[in-house]
Protein chains: 2
Amino acid sequence: MATSSIKEVAQLARVSVGTVSNVLNRPEIVSPATRERVFDAIRELGFVRNEVARSLRAGRSRTVGLVVLDVSNPFFVDVAHGAEAVADEHDTMVVLCNSAGDPGRERRHLDQLEQQRVLGILITPVRTDDPWLTKIAARGTPVVLVDSPATGLRCSVAVDDRLGGRLAAAHLLERGHRRILFAGGPPSVRQVADRHAGVAEVVAAAGGGAELVACAAPELTVAGGRAIGERLAAMPAAERPTAACCANDMMALGLLQAMAAHGLRVPDDLAIVGYDDIDFAAAAAVPLSSVRQPRELLGRTAVDLLLDEVADPGRHRHRQVIFQPDLVVRESSAPRRTS
Amino acid sequence: MATSSIKEVAQLARVSVGTVSNVLNRPEIVSPATRERVFDAIRELGFVRNEVARSLRAGRSRTVGLVVLDVSNPFFVDVAHGAEAVADEHDTMVVLCNSAGDPGRERRHLDQLEQQRVLGILITPVRTDDPWLTKIAARGTPVVLVDSPATGLRCSVAVDDRLGGRLAAAHLLERGHRRILFAGGPPSVRQVADRHAGVAEVVAAAGGGAELVACAAPELTVAGGRAIGERLAAMPAAERPTAACCANDMMALGLLQAMAAHGLRVPDDLAIVGYDDIDFAAAAAVPLSSVRQPRELLGRTAVDLLLDEVADPGRHRHRQVIFQPDLVVRESSAPRRTS
DNA sequence: GACGATCGTTGAGACGATTCAAAACCATCT
DNA sequence: AGATGGTTTTGAATCGTCTCAACGATCGTC
């Protein structure tokens, strides 16, 4: 019942603790007979390695922290999945922490992770370039920004959000839409600002009477999208935009639901393009066109960068990886049957 | 850069390590002057407590593991949220692990948590009564089952799924439906089996030509619900059930989407009742009626039970807490306008 | 000025695993 | 018998923190 230690295993197997440790870590240098005796003892005692002691001795734990903005957003779940896959290969654990967009929660998680002496921290920060992150890194815990570009001081993986915005807008313009809505969220969120900028850029360059209407919800959630949808439905049809770029898929889903609730058809009355291409997007009542991000790859690459830094901090060069998004066209922005 | 230890702090503050430890843990027994000197040293060195060493010394880490079936299901996110709230109050961390319904992944997570010497493990197991859980508990890591009733051997928190099924079915019968579908998933999942049983019980007792049709998807996901919806849409209208109870809200959403895609109206052509009452349910295109579970409370209670056991394993008595679900009626099962 | 009592501070073990230089063992050959 | 070389095994030191018995001041009291 009380968990047994290496010492008790040694006693039972009549060897020294050093030998037990060798059996555990380099079994090949231990003679087969001894090895077997030790394994028997381990089995008999139900010995479970104490990772805490290992970590103390090693000076670091075999764990990386991943702090995300919203665990309920499937986008981050997928990022986490990718991170876990790579971490697994390196016998490392990922602990998922949810800041929920709250700087206080984020800070508490960071403190805990630092105290746990994690290998490193992957984070989508609430505020870009929080000086606290620099302090943490300076104290020896590498930090990699996820879905957020860094300056040369550290590693980061991100997706070109401006390009994503351009892709979405260009697609809608090409489909003949002239009055386009950007359904955004808090402009303090960099991802939103960049996507908006991309859309604006293309619309401005289009000419031919193309114009952009912006509308922001307080949160990047389904509810936020619904709220914007309500406002849209209340507009006279003539003034209403004919297409919408959404800051993310959750909002796009909300918008879609609001349209359905008011008897407006998608894409006929309103074409919609989401962002993230979460699995829900393809499965929506009207399958959503969306800007796809390499979600798992983001996670995988983040861990790669982190482990590279950990393996040899001397040789390591900070890199800022930027991926290209691409557009997945589905029914929600199909060519307009009307007019 | 190299993180500094209590020893260096002591040196800089010209006190013993014991005193630094006292400042950290019982500041009131240290004289104000010394205390200040130590705090200054801590600040100057950017000292960060080493939780690993603390855990080793204490014999356990201030962490509980929470292993869930599916992080992308908002139900579990909410459970985790509740757990975290209580854990926070006790200066404890929750690490969220996703088994994704895979026994192998579950097992790996359990091993890791045990090696980390967590305070205890909260788990929604893939298979009920996995003997491995008993072994873990016997070795000294308390286990609490979540959303799954236990026998007297350990604590558990769960919701009466049979009752939930009865509530959903009774509601639909009361609305005049006679041909009712149960949209389920893998019958090996206890929650599904119980909900099904509850529905079946009430339908059987109803008489008046009430009948139950069962249809199972391979997964309790949106896609699973869609698949069932496709089959439904393909049926001649006369044979089609007029109402559906779903094993969870994800499936209900999928079903709803499939209906919309085929031009069938909810609730007129098909009334739908979901299960879990996740936030998406209320925000769906047609707001979903659903059986509500006290999600956060499940998490809160699980941690309470766990910490009670940890605090005094001697006095602790295992308890099996069962909550009552209740039905939330929304548009998706509104009275039928037709006939 | 001796004796306690009180209050702060100290320092020596733990905790459990890893590491590594040194010791022990064994077989073989001179 | 002794030297040689190779393989196994050992045991002490270490990681950073906490705990607790013991120690030293300081003060009041008689």
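Just so it is clear: chains get the letters A, B, ... in the order the sequence lines come, proteins before strands, and each one is counted from 1.
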Review point. Base, sugar-phosphate alone, or nothing: which one does B:N22 contact when heavy atoms must sit under 4.0 Å apart?
Key: base

Check your understanding: Should B:S21 and B:N25 be marked as a side chain to side chain donor-acceptor pair (under 3.5 Å) after you check the CA-CA gap, both sets of side-chain angles, and the distance that decides it?
Key -> CA-CA 6 Å; B:S21 178; B:N25 301 301; 3.3 Å; yes

Review point. C:dT18 C1' sits how many Å from A:L24 CG, rounded?
Key: 11 Å

Review point. B:S21 side chain N/O closer than 4.0 Å to the phosphate oxygens (OP1, OP2) of D:dT17?
Key: no

Point to revise | Main-chain N/O of A:V126 paired to A:E106 side chain as donor or acceptor, under 3.5 Å | key: yes

Point to revise | Length of the line joining B:E28:CD and C:dT9:C1', which is rounded to integer Å | key: 15 Å

Exercise for review: Grab the CD-P distance between A:Q115 and D:dT17 for me, whole Å please.
Suggested key: 10 Å

Review point. Quick one: which of C:dC15, C:dT19, C:dT18 gets closest to the side chain of A:K7?
Key: C:dC15

Review point. How do A:V48 and B:R57 order along DNA chain C: which one's closest nucleotide is nearer the 5' end?
Key: B:R57

Review point. Is the count of non-hydrogen atoms from other residues, nucleotides or ligands lying under 6.0 Å from A:R319 atom CZ greater than 12?
Key: no

**Study point:** A:R117 CZ to C:dA17 P, straight-line distance once rounded to whole Å
**Key:** 21 Å

Exercise for review: Check every atom of D:dT19, D:dT8, C:dT9 against the side chain of B:I29 and return the nucleotide holding the closest atom.
Suggested key: C:dT9

**Study point:** B:L56 side-chain proximity, nearest of D:dC18, C:dA17, C:dG16
**Key:** C:dG16

Check your understanding: Can you tell me how far C1' of D:dC18 sits from CZ of B:R49, to the nearest Å?
Key -> 10 Å

Practice item. Output yes when at least one side-chain N/O atom of A:S16 is less than 4.0 Å from OP1 or OP2 of D:dG11, else no. Key: no

Revision key, fill the gap. For B:D312, the side-chain hydrogen bond (donor to acceptor under 3.5 Å, both in side chains) test, sequence neighbours excluded, returns B:R315

Check your understanding: Taking atom P of D:dG11 as reference, at what distance in whole Å does atom CD of A:Q11 sit?
Key -> 13 Å

Check your understanding: Distance check: side-chain N/O of B:S31 vs OP1/OP2 of C:dT9, anything under 4.0 Å?
Key -> yes

Point to revise | Short side-chain N/O contact to D:dT17 OP1/OP2 from B:N50, under 4.0 Å | key: no

Review point. Of the candidate nucleotides C:dT18, D:dC18, D:dT9, which contains the atom at the shortest distance from the side chain of A:V30?
Key: D:dT9

Review point. If you count the non-hydrogen atoms of other residues, nucleotides and ligands that lie under 6.0 Å from CD in B:E296, is the total more than 12?
Key: yes

Study note, to complete from the structure: Assert: residue with more 5' nearest nucleotide on DNA chain C, out of B:V17 and B:G59, is B:V17

Review point. Is B:R105 reaching over with its side chain to a backbone N or O of B:N98, donor-acceptor style, under 3.5 angstrom?
Key: yes

Check your understanding: Can you check the B:I6 CD1 to D:dT19 C1' distance for me, whole Å?
Key -> 12 Å

Review point. With a non-hydrogen cut-off below 4.0 angstrom, is A:S5 in contact with a base, only sugar-phosphate, or nothing?
Key: sugar-phosphate

Study note, to complete from the structure: Taken to the nearest whole Å, CZ/A:R60 to P/D:dG16 is 13 Å

Review point. Contact class for B:V15 (heavy atom, under 4.0 Å): base, sugar-phosphate, or nothing?
Key: sugar-phosphate

Check your understanding: Looking across every strand, which nucleic acid part, if any, lies under 4.0 Å from B:V52 by heavy atom: base, sugar-phosphate, or nothing?
Key -> nothing

Check your understanding: Does A:T34 have a side-chain nitrogen or oxygen under 4.0 Å from the phosphate oxygens OP1 or OP2 of D:dT8?
Key -> no

